[in-house]
2 protein chains.
Amino acid sequence: MAIGIKEIARLAGVSTATVSRALSQPARVSPETRAQVMAVVEQHDYRANSFARSLRVRRADAVLALVPNLGNPFFSEIIAGIQEGLAPAGIDLLVTDSLSQQVRRQSPVGHLQAARADGLICLDGGLPAEVLDELAASDVAGRVVFACEWPEGRHFTTVRSDNRAGMALAVQHLAALGHRRFALLTGPAGNVLTQERRQGAVAALAAAGLSLPPEAIAGGSFEIRDGYRAAGALMRCAERPTAILCASDQLAIGCISGLSELGIRVPEDVSVVGFDDIALAAYSRPPLTTIRQDRRRLGRSAAERLLDSLAGRPAAEPLTTLPVEIVVRRSTAPAPGRG
Amino acid sequence: MAIGIKEIARLAGVSTATVSRALSQPARVSPETRAQVMAVVEQHDYRANSFARSLRVRRADAVLALVPNLGNPFFSEIIAGIQEGLAPAGIDLLVTDSLSQQVRRQSPVGHLQAARADGLICLDGGLPAEVLDELAASDVAGRVVFACEWPEGRHFTTVRSDNRAGMALAVQHLAALGHRRFALLTGPAGNVLTQERRQGAVAALAAAGLSLPPEAIAGGSFEIRDGYRAAGALMRCAERPTAILCASDQLAIGCISGLSELGIRVPEDVSVVGFDDIALAAYSRPPLTTIRQDRRRLGRSAAERLLDSLAGRPAAEPLTTLPVEIVVRRSTAPAPGRG
DNA sequence: CCTGCCGATGTAAACGATTGCCAGCAATTA
DNA sequence: TAATTGCTGGCAATCGTTTACATCGGCAGG
């Protein structure tokens, strides 16, 4: 089918070694020979078989990204960032999701063991312990980077946003608007982002002399639907909150939607802050005040970290924390009665 | 580093041939031998080097998905569907975007030529002609499937949604509500979906005895921002439309946002219909009436089509058109004055 | 003129699996 | 008893590269 190096060598009247060298280390062959080889190469647009090459050099030139759920649009921007970081190095990107891995009972480490990928970028902080143990094995750990989420109590290279600082920004913004009664819509239980953001919120509230009563905490996923559902629950609190902190923009949008069903106006009656700044945040009604995390940069940074590590220049600091910022739009306003 | 088949063979006291057979054709070795081999295999959790295997069997067990823009969340669901269709067959998914390919001046065909991927699923209908020519080459064409978008005037295997029927459903719904003055927010010029959807709209309007004046057509991308911008333009029409057909949900959401800035209420003053039924459509305000296309199924179907084709059972019909349906929510209402 | 060196090229051995072919052996059949 | 059949398992070629090492002129220095 496809033409091979032997045939190119024959047509150019040189040995296969020379063809190989003409392509990968041009300085090693004389200009005339190189031109001669290149002519034949281009004429047949020959491309070296990547498997033979990978087999020989023991390098896949590919990395695997493991995503909790490929269908979740939240991750697309991160994936794009990863791709962006990988492309200049000519590294290919394989993707798969944790779900299908589990279903097929195979571990992502398989790809590394089979030499199919040189490294792994993992966006799922909730991997089972036995998988984490595999990843922590000495010959694998150096080829793994966690991005966005990460498993607790482990020591993998990790790139993440400053989740606590983000929640602190949200709290400060709302407190400055005079809000005193807060509620929190959290993500899934056990998720590390849920915990970080909650702790960030609690700490910032404490710093402002405020607290978060247990009944003012709802949620349980990052999904729109749960934001919608939780709106009702929060409004049944004895002390109705005037400000709702959400662990994701999706939760915030669902929540606003649920509030409006109840005849509660945002931001007049209640202020809502999201987290992430997804594309739609600016165009939801009302436009959402939220914490922006640069997901593309997160991905790019993870890719670069991994590339460094694969090239044998491990970062001094295994933990990279990217800054976040607050984007004030129109879902937040002064607390009622302080107009 | 990783253990090889030779070592496994030695430890199990058999030849490499037997190890290979024990793993890939268990029936070919006796139960005792198999057990013996498997014990050693599991003890070292040996995984055959995928490159050596691919080199020998001349199969990558991987396909490449080419996406116009990885960062666009619209595609994530399709990608998830592709992965879903590929996983049962044990095929890996490589992804890249058209943009980074262009920047690096390399064609996606390169991956096929280099034997890195067995096939290509292309979500970008706007590839340059020379790339399409490469793809149409006889030894490549059978390994390519277009999904969602497709290039016109070519004969690639294609899986798509019934875009025309979708627009017809939208028109019929609005016409039944008494609307007579329509506007259309289109996607990017030259995009095949833009054309299909426009033609679907025009045809359905004609069937209802209605027409679409040129000044009632705006847009130019599928992005939110352009929906927002276009809202103003449409409202400056001499004959203000009472119904706006949008080529994407993002356009619709942007448009509604723009209309609300102008003090125009949806659906009281103007009805708006989207296209796609993205996750947020149900939770935007008002909840969006839209045409649902099953993006996951689209991806799955494309993967299956490609797998069939790679396995040498090409479909009788190169074109697969998936049904769409209308989801009526609250962004549409009877035309003003017909309460 | 000889020696040594250097740059350009070729030779051939890996890389790690799969698989066609064949041999050995036991069980079945004539 | 001899011949046939069927099942196991080993040998070795093969997939298409890369690269260590050998080779071969040519040229400069002695």
Side-chain angles (χ1 to χ4, degrees), chain A residues 1-38 40-41 44-62 90 110-118, chain B residues 1-41 44-62 90 110-118 139:
Chain A
M1 192 73 99
I3 198 169
I5 200 176
K6 283 236 194 67
E7 188 65 6
I8 298 290
R10 197 180 59 75
L11 293 171
V14 298
S15 73
T16 62
T18 302
V19 174
S20 177
R21 282 191 281 250
L23 288 166
S24 52
Q25 357 180 10
R28 288 275 274 114
V29 302
S30 72
E32 304 80 48
T33 316
R34 191 191 322 154
Q36 202 173 328
V37 170
M38 286 314 202
V40 182
V41 163
H44 295 76
D45 48 55
Y46 163 77
R47 296 270 322 247
N49 180 301
S50 97
F51 294 126
R53 160 161 234 287
S54 282
L55 177 59
R56 178 64 222 236
V57 304
R58 318 176 79 84
R59 197 158 23 82
D61 288 327
H111 276 83
L112 299 187
Q113 285 174 337
R116 187 130 206 180
D118 299 319
Chain B
M1 193 77 97
I3 198 169
I5 199 175
K6 282 234 194 70
E7 188 65 5
I8 298 290
R10 198 180 59 75
L11 293 172
V14 298
S15 72
T16 63
T18 301
V19 175
S20 175
R21 284 193 279 250
L23 287 166
S24 53
Q25 356 181 7
R28 190 74 176 62
V29 301
S30 72
E32 304 80 49
T33 317
R34 192 191 319 153
Q36 201 172 330
V37 171
M38 285 316 202
V40 182
V41 164
H44 295 77
D45 47 54
Y46 163 76
R47 295 270 324 245
N49 180 300
S50 97
F51 295 126
R53 160 161 234 286
S54 282
L55 177 58
R56 177 63 224 244
V57 305
R58 318 178 79 83
R59 197 156 25 81
D61 288 328
H111 276 84
L112 299 186
Q113 285 174 337
R116 187 131 206 179
D118 299 318
D139 58 333

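Below, chain A is the first sequence line, B the second, and so on; all start at residue 1. Heavy atoms only: backbone and side chains are in, while hydrogens, waters and symmetry mates are out.
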OP1 or OP2 of C/dG16 under 4.0 Å from side-chain N/O of B/Tyr46: no

- line: By nearest-nucleotide position on DNA chain C, the 5'-leaning member of A/Pro31 and A/Ala17 is A/Pro31

task: Quick one: label B/Thr33 by what it contacts on the DNA or RNA (base, sugar-phosphate, nothing), any heavy atom closer than 4.0 Å.
output: sugar-phosphate

- prompt: Between D/dG9 atom P and B/Arg10 atom CZ, what is the distance in whole Å?
  reply: 20 Å

query: Between B/Asp118 (side chain) and B/Arg59 (backbone), is there a donor-acceptor pair under 3.5 Å?
result: no

task: Give a yes/no on whether any side-chain N or O of A/Arg58 is located under 4.0 angstrom from OP1 or OP2 of C/dA14.
output: no

- request: For A/Arg56 and D/dT14, give me the distance from atom CZ to atom P, rounded to whole Å.
  value: 20 Å

statement: To the nearest angstrom, the NZ-P distance between A/Lys6 and D/dT14 comes to 9 Å

task: Take atom CD of A/Glu7 and atom P of D/dT17, then tell me their distance rounded to the nearest Å.
output: 11 Å

- request: Compare side-chain N and O positions of B/Thr18 against OP1 and OP2 of D/dG10 and report whether any pair is under 4.0 Å apart.
  value: yes

- line: B/Gln25 CD to D/dC7 P, in whole Å, measures 15 Å

For atom CZ of B/Arg21 and atom C1' of C/dC22, their distance in whole Å: 11 Å

message: Could you check whether any side-chain N or O of B/Arg34 sits under 3.5 Å from a backbone N or O of B/Pro26, counting only pairs where one atom can act as donor and the other as acceptor?
response: yes

field: Separation of C/dG16 P from A/Asn49 CG (nearest whole Å)
entry: 16 Å

task: Please state whether the phosphate of D/dC7, meaning OP1 or OP2, lies under 4.0 angstrom from any side-chain nitrogen or oxygen of B/Ser30.
output: no

5'-most by nearest nucleotide on DNA chain D - B/Val14 or B/Val57: B/Val14

query: Closer than 4.0 Å, any side-chain N/O of A/Ser20 to the OP1 or OP2 of D/dT18?
result: yes

message: I need the CG-P distance between B/Asp61 and C/dA17, as an integer number of Å.
response: 15 Å

